[in-house]
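Comments concern the structure below.
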Amino acid sequence: MKLLVAVKRVIDANVKPRVKADGSGIELANVKMAMNPFDEIAVEEAVHLKESGKVSEVVIVSMGEAKCQETIRVALAMEADRGIHVQTEAELQPLAVAKLLKELVEIEQPDLVIMGKQAIDDDSNQTGQMLAALLGWPQGTFASKVELGEGEVTVTREIDGGLETLALNLPALITTDLRLNEPRYAKLPNIMKAKKKPLEVKRPGDLGVDITPRLITLKVEEPPVRAAGIKVADVAELVEKLKNEAKVLS
Ligand code: AMP
């Protein structure tokens, strides 16, 4: 059984993003980048399924600038088998990523595609759903538990006030939620081994996909700065302020 995992290179989750002075987007120059956290969870799940003996190969795909290859190498050091980089300097929006992934799925014929539920840079939460629709495959989004069976996969999803369990016929697509697992750290010998694992480079044109953006970003703004709080002397003053200043009590 073969798994395909999509990983995006994004601003490191520990870095506070800064809006560009002209409001056209987020400043990326000299900013630390890393694998999207939900995609680390996707890689961990795929490698874990391989270790359980049910999967023979884990293929990693990343799309974007040349440095995406560093992100693919991180996944290979987490013990995935090989990588595919779709290289482009152009902006890639979710529909373009989904169309490129569809072409790769048709070439690679995986039994299961695992992706993050959302990329923490654009917060789109669209690519997995679009890919499943383009392929006509069943999808289990926001997975918090995955059990691979014969010809099917069982996916548990956290929904408001409970859990939903779905059985999907393979081939299928899963997107990961935070509680699915805790991704491993790559060990030094594996980082060395990862450097020698196969990594194929393609261009969007090789896959015959038009990646022209469909959305225009009009403006990006910082959230308003929160005003400082105040201390009140007693409950009476608090109630007075809630009534007369905040006007949340009548
Ligand atoms: P999004 O729909 O942008 O929130 O992204 C959802 C998921 O799609 C991510 O967690 C990745 O698994 C995948 N994805 C999005 N963009 C890329 C990309 N440029 N390269 C590889 N995977 C991507």
Side-chain angles (χ1 to χ4, degrees), residues 3-13 17 25-26 28 33-47 58-76 78 80 82-105 107-108 110 112-135 137 139-144 146 155 157 172-181 183 199-204 206-207 209-215 217 220:
L3 303 194
L4 193 114
V5 182
V7 301
K8 186 176 187 188
R9 181 177 170 84
V10 296
I11 282 198
D12 187 291
I26 299 295
L28 291 178
M33 305 289 280
M35 191 188 304
N36 182 42
F38 293 105
D39 304 351
E40 287 182 340
I41 295 172
V43 175
E44 175 62 41
E45 196 61 22
V47 171
V58 176
V59 181
I60 303 296
V61 179
S62 190
M63 304 185 183
E65 56 170 355
K67 286 196 168 162
C68 289
Q69 291 184 19
E70 288 172 17
T71 311
I72 295 176
R73 294 280 176 210
V74 172
L76 298 179
M78 289 169 75
R82 66 184 165 92
I84 303 173
H85 175 210
V86 181
Q87 188 169 347
T88 175
E89 308 306 316
E91 180 190 352
L92 280 176
Q93 293 184 349
L95 182 59
V97 175
K99 286 180 177 173
L100 291 165
L101 284 169
K102 174 178 181 270
E103 296 304 317
L104 290 175
V105 165
I107 296 169
E108 292 289 335
L112 190 63
V113 173
I114 313 185
M115 320 183 35
K117 76 167 179 183
Q118 82 193 52
I120 61 162
D121 51 1
D122 57 25
D123 274 347
S124 293
N125 179 4
Q126 294 177 349
T127 312
Q129 293 89 328
M130 286 175 169
L131 175 59
L134 290 171
L135 289 166
W137 282 14
Q139 57 183 301
T141 53
F142 308 171
S144 60
V146 170
V155 176
R157 316 176 59 229
L173 181 140
I174 292 174
T175 72
T176 60
D177 212 335
L178 270 187
R179 269 174 285 273
L180 181 58
N181 60 46
L199 200 172
E200 189 184 347
V201 183
K202 292 181 186 282
R203 294 270 174 186
D206 301 338
L207 297 166
V209 174
D210 173 11
I211 59 165
T212 312
R214 303 296 180 96
L215 309 169
T217 303
V220 178

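Read the numbers this way: they start at 1 and go in the same order the structure lists the ligands and their atoms. Everything numeric here is computed off the predicted structure, so don't read it as measured data.
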Between D122, N36, T71, which is the residue that forms a side chain to side chain donor-acceptor pair (under 3.5 Å) with K8?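 Among D122, N36, T71, the one that satisfies the side chain to side chain donor-acceptor pair (under 3.5 Å) with K8 is D122.
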Can you find a heavy atom in the side chain of L3 that is under 4.5 Å from one in the side chain of P110?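 They are not in side-chain contact.
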Is the shortest heavy-atom distance from the side chain of I26 to the side chain of D121 under 4.5 Å?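 They are not in contact (no side-chain heavy atoms under 4.5 Å apart), so the answer is no.
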Near ligand 1, which residues have a heavy atom under 4.0 Å away from one of its atoms?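 Those residues closer than 4.0 Å to ligand 1 by some heavy atom are A6, V7, K8, N36, D39, V61, S62, M63, V97, M115, G116, Q118, A119, D122, S124, N125, Q126, T127.
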Do other residues, nucleotides or ligands put more than 12 heavy atoms under 6.0 Å from R82 CZ?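 Check passes, neighbour count above 12.
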Calculate, to the nearest 0.5 Å, the distance between atoms CE and CG belonging to M115 and D39 respectively.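 Atom-to-atom, M115:CE and D39:CG are 7.5 Å apart.
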Residue that, paired with V7, satisfies side chain to side chain contact (heavy atoms under 4.5 Å, CB included) out of V74, I114, V61, V43: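 For V7, the side chain to side chain contact (heavy atoms under 4.5 Å, CB included) test succeeds with only one of V74, I114, V61, V43, which is V43.
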